[in-house]
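What follows is a set of notes on a single structure, which appears directly below.
Quick note on labels: first sequence line is chain A, next is B, and so on, each numbered from 1.
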Amino acid sequence: MAQRTRRMAFPRVVIESDTDSESSSEEEEEDEAPGAVAEEDEEEEVSDKANDGKMGGKLMDSLDVKKKQKAPITISLKNVCKVCKQKGHQAGFQGATYVDCPMKPCFLCKMPGHTTMTCPHRVAVEHGVIPAPCKNTRKLLDYVFERQLRADVTMIKPAFVIPDQVDCAVIRYHSRRITCLEFHPTNNNILLSGDKKGQLGVWDYVKVYEKTVYGNIHSCILNNMRFNPSNDGTLYAASSDGTVSCVDLETGMSFPLMDLNPNGWQGPANWRMLYGMDIIPEKSLVLVADNFGYLYLVDMRSNKKTGDAILIHKKGSKVVGLHCNPVQPEILLSCGNDHFARIWDVRQLEAGSSLYDLRHSRVVNSAYFSPQSGSKILTTAQDNRLRVWDYILGDLDSPSREIVHSHDFNRHLTPFRAEWDPKDPSESLAVIGRYISENYNGAALHPIDFIDTSTGQLVAEVMDPNITTITPVNKLHPRDDVMASGSSRSLFIWKAMKSELVQEVDEKNQKKIILCGKADKTNNKFGGETHDDSDVDTFSRKSKNLKCEKRESKSSRSYLTKRKR
DNA sequence: AGACGATGTGTCC
DNA sequence: TGGACACCCTCGTC
């Protein structure tokens, strides 16, 4: 076409690296014919001798000559791929669909040869389920063993209940992104939220208006919270400021249980940050771990550290998660940046004394025992895989299952953590936010995924067209069919209800969306117009009108990749 | 509307 | 071992 002849008339741009190579760019350029490209080509000035498109000594010489002559060489990068910087294709959004760079391995499963869009773990091949080698090689004794070990866990999977409708929300509630959530252990309607600034939110989501943010407890990231088992009016919080605080929820008054930076800022090599935390009520112990690989035990009665810090992960690496077994609280599961999750016996803790080391290929964001029997383990790693071990007393050398799931974005977002549904009697349902977006009816949304960890199947993808931000923090209620989500600075409560019921409830009580903070543009599309500090919008069921239809082809996909044995 | 920057991890030298 | 730099679809602010 005209555009092409024009292109031919201008010298080809040669970028100064030899990677702009070979045949691929030539062929692909012919396919691509946006009008703007030709225009932009006019910006490109390259020496005449570069016409053959090959980089060689001659060309380098000529470039040198040009440099000496101070002739400006401008190279427009507008029509190169922003991912690989090569010509002939463009990565990025086309409408609400993100097109991947074909030169990179799949961003979802990390394997070369295809892109995220065509990844077998994303696209349904047969009724949405990838045939997996589910050969059952378990022996009879295994079943006897399992029944003894998990006597109270039903073997028959009940229907999963998915909280999939936004019931109420506080938009821009926190001043920084939300990092952790916790439901009150006895008061069903209270949600606690921590943020990157160290602030603690207390919200009664049934009364909706009753909300507080305590701002003076920590000076930076609130990483984990646990309730005091002997007084549910107080909460322990571990923060990147190096302290564990004990907070009175009524007053917001707090005192530090432990401060690892008593002398203040002594440079990054000395600043200790606390990440993982859990509690052993029977021993009145708070366990916390820091960014240098050490575990600390704090006595809740004396509020004093007991014993020395113990190196539980690679020296200098962050320990991001601690979880005590619900049945055997002395059995501790830790995980961190050294690519391991480790099982420990708290009664005989010393460096290198772990009972098992569960190897991962990248950083482990979280590791949890199953909530009722404590006999399974679920980990989230930054290699885009969830791993499940079905028995802690079985073979732990490799996971029973690896489930490919998009959650690897680690910077600028709170790390994704897959968590068990505490109410699921079969201990198989888990929830985790998804990083990668999907095109739902023209909107790019990041769903919250419910995954059956016993099969790898995606049970539900929950989203609302008004929530366009990623939702990395999700907590299922310990007793009610309710889920809390933290997305950026906002909190959402989801309920499991039939949509008519939601509508009915909303008509009775419409004011369930609270808008806080500045009213500038935001990705959360709830509201629109708002006023100063805090205002209330009708939950106008914009979301209902916009309610997205699931894409037919992907309505039941599986992320299962590998099943052992 | 577009630019910028706060940020963590991996890889290279 | 440590510094420099590269990063995929962020998100809020100016």
Side-chain angles (χ1 to χ4, degrees), chain A residues 17 19 77-78 80-86 89-112 114-117 119 122 171-179 195-198 220-221 223 240 267-269 271 273 275 291-292 313-320 335-340 360-365 380-384 405-417 433-440 443-447 463 467-473 486-490 516-525:
Chain A
S17 72
T19 55
L77 293 178
K78 284 180 184 170
V80 300
C81 170
K82 63 181 175 182
V83 177
C84 69
K85 309 287 186 289
Q86 292 188 29
H89 62 271
Q90 292 273 1
F93 275 107
Q94 289 182 5
T97 305
Y98 189 88
V99 177
D100 270 307
C101 170
M103 309 303 282
K104 294 271 183 173
C106 172
F107 287 114
L108 177 55
C109 71
K110 313 292 182 195
M111 304 301 281
H114 62 268
T115 63
T116 312
M117 198 54 72
C119 178
R122 188 185 199 186
I171 308 298
R172 295 180 228 107
Y173 177 43
H174 282 269
S175 58
R176 293 288 184 275
R177 68 165 199 249
I178 287 160
T179 54
D195 72 19
K196 198 168 152 293
K197 211 176 175 185
C220 56
I221 315 175
N223 288 306
S240 288
W271 186 259
M273 301 188 263
Y275 285 84
N291 58 328
F292 290 105
H313 281 264
K314 185 180 169 188
K315 196 168 187 178
S317 74
K318 199 193 284 180
V319 183
V320 290
C335 63
N337 281 18
D338 64 352
H339 301 190
F340 278 97
H360 295 67
S361 71
R362 282 190 66 193
V363 167
V364 189
N365 287 348
T380 308
Q382 287 186 9
D383 60 359
N384 267 353
H405 177 265
S406 171
H407 56 251
D408 64 336
F409 200 78
N410 55 3
R411 196 172 50 153
H412 309 133
L413 285 179
T414 304
F416 292 88
R417 298 191 271 202
R434 195 192 304 173
Y435 166 53
I436 202 168
S437 68
E438 297 280 3
N439 184 345
Y440 294 98
L445 303 177
H446 307 264
M463 86 289 291
I467 307 172
T468 55
T469 46
I470 293 173
T471 311
V473 192
S487 188
S488 186
R489 297 157 52 191
S490 307
C516 306
K518 284 169 76 175
D520 53 7
K521 70 172 182 184
T522 172
N523 284 328
N524 281 319
K525 292 176 184 167

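In this model, no donor atom of one side chain and acceptor atom of the other lie less than 3.5 Å apart for A:Arg122 and A:Thr116. A donor-acceptor pair shorter than 3.5 Å can be found between the side chains of A:Thr97 and A:Asn439.
Using C1' as the reference atom, B:dT11 and C:dC9 are 23 Å apart when rounded to the nearest Å.
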With 3.5 Å as the limit, what N/O pairs link the protein to nucleotides 4-8 of chain C?
| unit_1 | atom_1 | unit_2 | atom_2 | d |
| --- | --- | --- | --- | --- |
| C:dC7 | N4 | A:Arg411 | NH1 | 3.0 |
| C:dC8 | O2 | A:Tyr435 | OH | 3.1 |
| C:dC8 | N4 | A:Lys110 | NZ | 3.0 |
| C:dC8 | N4 | A:Asp408 | OD2 | 2.2 |

Under 3.5 Å between N/O atoms: give me all the protein pairs with nucleotides 9-13 of chain B, atom names plus distance.
| unit_1 | atom_1 | unit_2 | atom_2 | d |
| --- | --- | --- | --- | --- |
| B:dT9 | OP1 | A:Asn337 | OD1 | 3.4 |
| B:dT9 | OP1 | A:Asn337 | ND2 | 2.8 |
| B:dT9 | OP2 | A:Asn337 | ND2 | 3.1 |
| B:dT9 | O4' | A:Asn410 | ND2 | 3.4 |
| B:dG10 | OP1 | A:His339 | NE2 | 3.3 |

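Applying the ring pair (Phe, Tyr, Trp, His ring centres under 6.0 Å) test to A:Tyr275 and every residue at least two apart in sequence or in another chain returns nothing. Remark: A:Ser317 engages A:His313, A:Lys314, A:Asn337, A:Asp338 in a side chain to side chain contact (heavy atoms under 4.5 Å, CB included) (not counting sequence neighbours). Here A:His407 pairs with A:His405 under the ring pair (Phe, Tyr, Trp, His ring centres under 6.0 Å) rule; sequence neighbours left out. Not counting sequence neighbours, the partners of A:Phe292 by the side chain to side chain contact (heavy atoms under 4.5 Å, CB included) test are A:Arg272, A:Asp290, A:Tyr294. Residues meeting the side chain to side chain contact (heavy atoms under 4.5 Å, CB included) test with A:Phe409, sequence neighbours left out: A:His412, A:Leu413, A:Tyr435. With sequence neighbours left out, A:Asp195 forms a side-chain hydrogen bond (donor to acceptor under 3.5 Å, both in side chains) with A:His174.
One interatomic measurement links the two molecules: NE2 of A:His407 to C1' of C:dT10, which rounds to 17 Å at whole-angstrom precision. In this structure, the CD1 atom of A:Ile436 is 11 Å from the P atom of C:dT10, given to the nearest Å. What separates CZ of A:Phe93 from C1' of C:dT10 is a distance of 11 Å, to the nearest Å. Distance CD1 (A:Ile171) to P (C:dC11): 14 Å, rounded to an integer number of Å. Distance CZ (A:Phe416) to P (C:dT10): 11 Å, rounded to an integer number of Å. To the nearest angstrom, C1' of C:dT13 lies 13 Å from CZ of A:Arg172.
Checking C:dC9, C:dT13, C:dC11 against the side-chain heavy atoms of A:Ser437 singles out C:dC9 as nearest.
Residues in residues 102-111 of chain A take part in these salt bridge (charged side-chain N to carboxylate O under 4.0 Å, His left out) pairs, two or more places apart or across chains: A:Lys110-A:Asp408.
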